[in-house]
Protein chains: 2
Amino acid sequence: MTDRPPHILIVDDDREIRDLVTRFLRGHGMRAESAADGGAMRRRLRTGRFDLVILDVMMPGEDGLTLCRELRAAGSQPVIMLTALGDETDRIVGLEMGADDYLPKPFNPRELLARIRAVLRRSGPSAEPPAVPGDGACLVFEGWRLDTARRELRDPEGVLVALSAGEYDLLAAFATHPQRVLNRDQLLDLTKGREAAPFDRSVDVQLSRLRRKIEPDPANPTLIKTIRGGGYMMAVPVARA
Amino acid sequence: MTDRPPHILIVDDDREIRDLVTRFLRGHGMRAESAADGGAMRRRLRTGRFDLVILDVMMPGEDGLTLCRELRAAGSQPVIMLTALGDETDRIVGLEMGADDYLPKPFNPRELLARIRAVLRRSGPSAEPPAVPGDGACLVFEGWRLDTARRELRDPEGVLVALSAGEYDLLAAFATHPQRVLNRDQLLDLTKGREAAPFDRSVDVQLSRLRRKIEPDPANPTLIKTIRGGGYMMAVPVARA
DNA sequence: CGGCCCCTGAAACGGAGCGTTACAAAATTC
DNA sequence: GAATTTTGTAACGCTCCGTTTCAGGGGCCG
């Protein structure tokens, strides 16, 4: 029912293609961003939540197939691959790697749009657990235990702490980005997948509610600190278990 | 949200290009500075915080690729490389070295501006690598312990000293540049990432507040000394732990 | 040595950022 | 469809921070 615009990431070494596709998708009501290579892609995925990734197969350095396998292992976004025209091998290997669709270059932007919509429709609205690449694991910090598979939180004594969906998403965003300052835009992107409105303070209120449940002394937070003028930060190290 | 103007460093041996780009970027609301070679770049990076570095590939002495690799290893700023027109090799090697984008010379300044904005948007406001627990994130001086991962300060007895965000940033600036005189411009750049206004004395006031918390006798400071006419200096050695 | 100027320290004030509560709308459950 | 829970918005008060202002003190000159 949440019909927010889909968020697409284009990974291609060719600047012209990146810009063309980005502009085209934005012109059709989507949020689109681009990355020039695998490193940039990873950096962008670290602080943003995407509904779909478009990968060029032919790239210097890490090629699209490698990145596709990585995406499949880590996240759950659907992937569309851009292959060289008529190259059956790429197409087959791409699909084996877990790509959801492929498109031979050069392509008609309208066709890309159609395939994006098809893949998003297929993968459905419930395809994506927010903010968690590398799932199935428990995130442990200061004795607390966040089970990302069950969406449950247990305190150091092992007692279940009831969190609302929003509180869980917020805590998960921090737990997957520990020891980093996250501003309100990033947190909103990670938890709700939307952008901040002018006087949006919903993050503040949610965090206040979360602190009441997990901080020993909510007035002097030790787990999630406030960085005035910057945002918030999980101040303790997080381990996977 | 802190929306301060981005701070760009241009590294190019050609003086005309440096001036042209610097003036152009400033005319578009950015803070821009330039360096003529690798040495000047390193010197500038030591006391300034930059959001992006523009590197010329072809330079006498250390070329852009070498510098790019160095930047990638040390810092976290994104890099845009200026390559010779149509030189595929440079472009590919540049991206492999970790550049976030490239631009063939000669280029249209407006296009450079667009590239810069795109890269900044992609890399986001905080692009630091996630701190690994146990990595040397503590700075120790005279028994005091500044934990940069947790943004916490402990006195020699191990008692937590409450610092405001601004006080912490200021102390961190000194602790990462010990035994060096830092003037107000440098401190403002390191802590707030902005330039000094004509009669800006905010650093003085913050330092006064900081001294009240960490100096045994704030009237006769021993940790952070005043250098009349020059600025301030952390007067004790700092070790990583 | 004394007077002057300029630099710095610190108090005081006001504005902005943030925490929290209250309330209303929306979603979920039964 | 009603009751309950969750979530966003508005509002109030507190804290932090930048600016202003004044006082003290060091350096330079005579």
Side-chain angles (χ1 to χ4, degrees), chain A residues 1-4 125-126 130 151 153 161-171 173 181-185 187-188 191-233, chain B residues 1-4 151 153 161-171 173 181-185 187-189 191-215 217-233 235:
Chain A
M1 244 31 89
T2 24
D3 215 0
R4 57 164 200 274
S126 65
R151 292 179 65 93
L153 175 70
V161 177
L163 294 182
S164 75
E167 289 160 2
Y168 172 87
D169 288 339
L170 189 58
L171 181 55
V181 179
L182 298 172
N183 64 36
R184 287 168 179 73
D185 286 325
L187 288 168
L188 231 82
T191 55
K192 313 284 175 189
R194 66 174 169 88
E195 292 177 88
F199 293 92
D200 202 323
R201 296 203 44 210
S202 56
V203 169
D204 303 47
V205 179
Q206 276 289 40
L207 185 66
S208 168
R209 289 167 179 148
L210 178 59
R211 276 179 175 158
R212 223 178 302 160
K213 296 188 179 180
I214 68 171
E215 291 282 0
D217 175 15
N220 294 85
T222 55
L223 296 174
I224 301 177
K225 291 193 175 169
T226 303
I227 313 302
R228 176 181 247 257
Y232 301 95
M233 179 181 96
Chain B
M1 258 294 315
T2 346
D3 214 2
R4 58 172 204 270
R151 294 179 62 97
L153 175 70
V161 177
L163 294 182
S164 75
E167 289 159 2
Y168 171 87
D169 288 338
L170 188 58
L171 181 55
V181 179
L182 298 171
N183 64 36
R184 287 168 180 74
D185 287 325
L187 288 168
L188 222 70
D189 189 8
T191 55
K192 313 285 173 190
R194 65 174 172 90
E195 290 179 274
F199 295 91
D200 202 322
R201 300 214 32 219
S202 57
V203 169
D204 303 49
V205 179
Q206 276 289 43
L207 185 66
S208 164
R209 289 166 178 150
L210 177 60
R211 276 179 174 157
R212 238 173 289 164
K213 295 188 179 180
I214 67 171
E215 292 283 0
D217 175 17
N220 295 85
T222 55
L223 296 174
I224 300 177
K225 292 193 174 162
T226 303
I227 312 302
R228 194 187 168 81
Y232 301 94
M233 181 180 94

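Every chain is numbered from 1 and lettered A, B, ... according to where its sequence line falls, protein lines coming before strand lines.
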Close side-chain approach of Glu195(B) to Asp185(B), heavy-atom, < 4.5 Å: no
Charged N-O contact under 4.0 Å between Asp200(B) and Arg194(B): yes
Spacing of Leu210(B) atom CG and Leu163(B) atom CG [to the nearest 0.5 Å]: 6.5 Å
Axis bend over the full length of the helix from dC1(C)-dG30(D) to dC30(C)-dG1(D), computed from five pairs that close each end, to 10 degrees: 30°
Straight-line distance of Arg151(B) CZ to Thr226(A) OG1, nearest 0.5 Å: 10.5 Å
Pair Arg184(B) + Asp204(B): basic N to acidic O under 4.0 Å: yes
Straight-line distance of Leu170(B) CG to Leu182(B) CG, nearest 0.5 Å: 9.5 Å
Touch class at under 4.0 angstrom, heavy-atom based, for Ala197(B) against every strand present: nothing
Gap separating the CD atom of Glu167(B) from the CZ atom of Arg228(A), nearest 0.5 angstrom: 11.5 Å
Range on DNA chain D touched by chain A - first to last nucleotide, heavy-atom distance under 4.0 Å: dT6(D) to dC17(D)
Atom-to-atom span, CZ of Phe199(A) to C1' of dA16(C) - whole angstrom: 12 Å
Minimum side-chain heavy-atom gap Leu153(A)-Ile214(A) below 4.5 Å: yes
Euclidean distance, Leu171(B) CG relative to Arg211(B) CZ, rounded to 0.5 Å: 12.0 Å
Distances for protein N or O near nucleotides 7-11 of chain C N or O, under 3.5 Å:
| residue | atom | partner | partner atom | Å |
| --- | --- | --- | --- | --- |
| dC7(C) | O4' | Arg228(B) | NH2 | 3.4 |
| dT8(C) | OP1 | Gly229(B) | N | 3.0 |
| dT8(C) | OP2 | Arg184(B) | NH2 | 3.1 |
| dT8(C) | O5' | Arg184(B) | NH2 | 3.4 |
| dG9(C) | OP1 | Arg211(B) | NH1 | 2.6 |
| dG9(C) | OP1 | Thr226(B) | OG1 | 2.6 |
| dG9(C) | OP2 | Tyr232(B) | OH | 2.7 |
| dG9(C) | N7 | Arg201(B) | NH2 | 2.7 |
| dG9(C) | O6 | Arg201(B) | NH1 | 2.9 |
| dA10(C) | OP2 | Ser208(B) | OG | 3.1 |

Separation of Tyr232(A) OH from Leu207(A) CG (nearest 0.5 Å): 5.5 Å
